[in-house]
Amino acid sequence: MKVKYFAWVRERIGKAEETIDPPASVRTVDDLIGWLTARGETYAYAFEKPKVIRAAIDQAHVKPDAVIAGAREIAFFPPMTGG
Amino acid sequence: MKVKYFAWVRERIGKAEETIDPPASVRTVDDLIGWLTARGETYAYAFEKPKVIRAAIDQAHVKPDAVIAGAREIAFFPPMTGG
Amino acid sequence: MNAPVTIRIQQEDFDTAREIAALSRGRTDIGAVVTFSGICRGPEGGDEIASLTLEHYPGMAEAEIKRHADEALARWPLQGLTVIHRFGRVTPGQNIVLVVTASKHRQAAFEAAQFLMDYLKTSAPFWKQQEGAEGKGWVEAKTHDEDAAARWTK
Amino acid sequence: MNAPVTIRIQQEDFDTAREIAALSRGRTDIGAVVTFSGICRGPEGGDEIASLTLEHYPGMAEAEIKRHADEALARWPLQGLTVIHRFGRVTPGQNIVLVVTASKHRQAAFEAAQFLMDYLKTSAPFWKQQEGAEGKGWVEAKTHDEDAAARWTK
């Protein structure tokens with residue numbers, strides 16, 4: 001599954017996207033944040049305040065309890081500041 | 001005192017402006033409408049529904065009970081439809 | 001604060017882009033520009049409007065618009081505003097009125113433009129006469145325009 | 001009803017006049033056109049903003065704007081709408097975003113433009129990084145923007 005990062009989430013992790021293969025126990029967006037956080041310092045820094053992080057599955061906004069099964073692309077980013 | 005007429009008030013009276021000299025008993029805008037109405041058929045037609053008529057004294061909107069003493073220019077017109 | 005106000009009553013058309021530029025050119029304190037263009041609509045559902053003729057009360061028209069422009073400046077933090085209202089004959093598709101408001105933030109620019117339009121509709125001394133297949137007739141004032149203007153006095 | 005929708009995410013600037021013309025040219029069923037231009041503001045107080053860099057999520061940005069454009073068309077009787085959002089680096093005085101709405105009547109055009117702007121601010125995946133004398137920093141989301149967007153769900 002492809003993961004994308006934007007804005008300061010991208011900067012903190014140090015990459016814009018990557019392909020990951022989390023275990024089946026990682027069911028929701030929240031689980032995935034926890035799993036990524038455990039991958040290293042840069043991830044822990046990016047996700048240090050998980051409540052601030054927004055997520056999208058296949059380019060649509062989702063809540064933290066959204067199930068990730070079947071997702072092709074998951075994105076993490078800070079609150080939007082466009083317009 | 002100069003009186004101006006606009007839109008269908010002007011059309012019904014058949015002139016855009018005139019100079020009038022009403023007696024002192026004509027105190028308010030309402031009185032003036034009554035006085036003008038008595039001047040002839042075209043005026044009676046223009047002012048047949050006095051409640052619809054709007055008035056301005058010296059280019060500022062006024063209510064029917066506004067006193068006309070000292071006015072240089074009084075205007076009568078239908079509700080505005082600009083914009 | 002330097003908030004330029006432009007008010008013009010004119011027979012000729014206006015250029016919206018030029019008016020936006022005139023208000024914002026060379027400035028970096030404006031974050032939001034709202035424009036409203038009122039356009040003469042054509043025939044719909046049977047009735048054929050060939051044209052509108054706009055009559056106005058010279059002098060008072062400018063004064064009324066100026067009064068509401070000043071009120072808008074007092075109510076919202078604006079960086080500038082422009083109101084242009086045409087008179088004379090306009091045909092479907094042609095411009096009638098333009099309001100441009102500039103502010104740091106969008107809410108002020110939107111609200112001030114709506115406020116000015118609501119008052120132009122109900123308080124500026126302009127009258128529309130429409131001319132169509134069935135002859136000429138004066139456009140009647142609409143209750144919903146009065147209602148729209150009334151919300152600003154709440 | 002024929003209501004053309006134009007959505008563009010682009011690096012280059014846009015021309016407000018051209019977009020108004022594209023929406024309304026040759027049509028006589030439009031009575032009201034509202035435009036909103038969001039512009040990069042310059043330094044104020046002590047902080048010196050030299051530029052903004054806009055990052056976006058390609059694909060999702062278009063999809064989110066399209067979703068809200070469709071909602072606007074469902075909620076208001078619009079004759080057309082245009083949304084253009086730039087990405088990349090913009091300097092003070094330059095355009096960031098444009099919304100154009102066209103309708104028979106002004107209220108629909110005003111409300112739809114406000115609705116679209118409120119959602120662009122809070123829901124379209126764009127992020128602003130500002131660069132000034134003190135270095136770079138990401139612009140923080142504002143609670144009042146969330147509040148503005150929330151009013152449309154009441």
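In what follows, chains are A, B, ... by sequence order, proteins preceding strands, each numbered from 1.
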With chain C, which of B/Pro79, B/Ala75, B/Ala7 has the greatest number of heavy-atom pairs at distances under 4.5 Å? B/Ala7

Under 4.5 Å heavy-atom distance to chain B, tell me which part of C/Ser123 shows up: side chain, backbone, both or neither. both

Where does C/Glu140 contact chain B at under 4.5 Å (heavy atoms): side chain, backbone, both or neither? backbone

Could you name the residues of residues 33-62 of chain B that have a heavy atom within less than 4.5 Å of a heavy atom in chain C? B/Arg54, B/Ala56, B/Gln59, B/Ala60, B/His61

List for me each residue that meets ring-ring contact (aromatic ring centres under 6.0 Å, His included) alongside C/His68, sequence neighbours excluded, and say none if there are none. C/Tyr119

Partner set under ring-ring contact (aromatic ring centres under 6.0 Å, His included) for C/Phe36, not counting sequence neighbours: D/Phe110

Residues which pass side chain to side chain contact (heavy atoms under 4.5 Å, CB included) with C/Arg18, listed by chain and number, not counting sequence neighbours: C/Asp15

Pick from C/Lys121, C/Met60, C/Lys142, C/Gln129 with the largest number of heavy-atom pairs that fall under 4.5 Å of chain B: C/Met60

Please report the shortest heavy-atom distance between B/Phe6 and C/Pro58, naming the atom on each side. CE2-CD, 4.4 Å

For B/Thr81 and C/Val139 the tightest heavy-atom approach is CG2-O, 3.3 Å

Measuring only between side-chain heavy atoms, which start at C-beta, is C/Glu55 closer than 4.5 Å to B/Arg10? yes

Are the side chains of B/Glu11 and C/Trp138 in contact, using a 4.5 Å heavy-atom criterion? yes

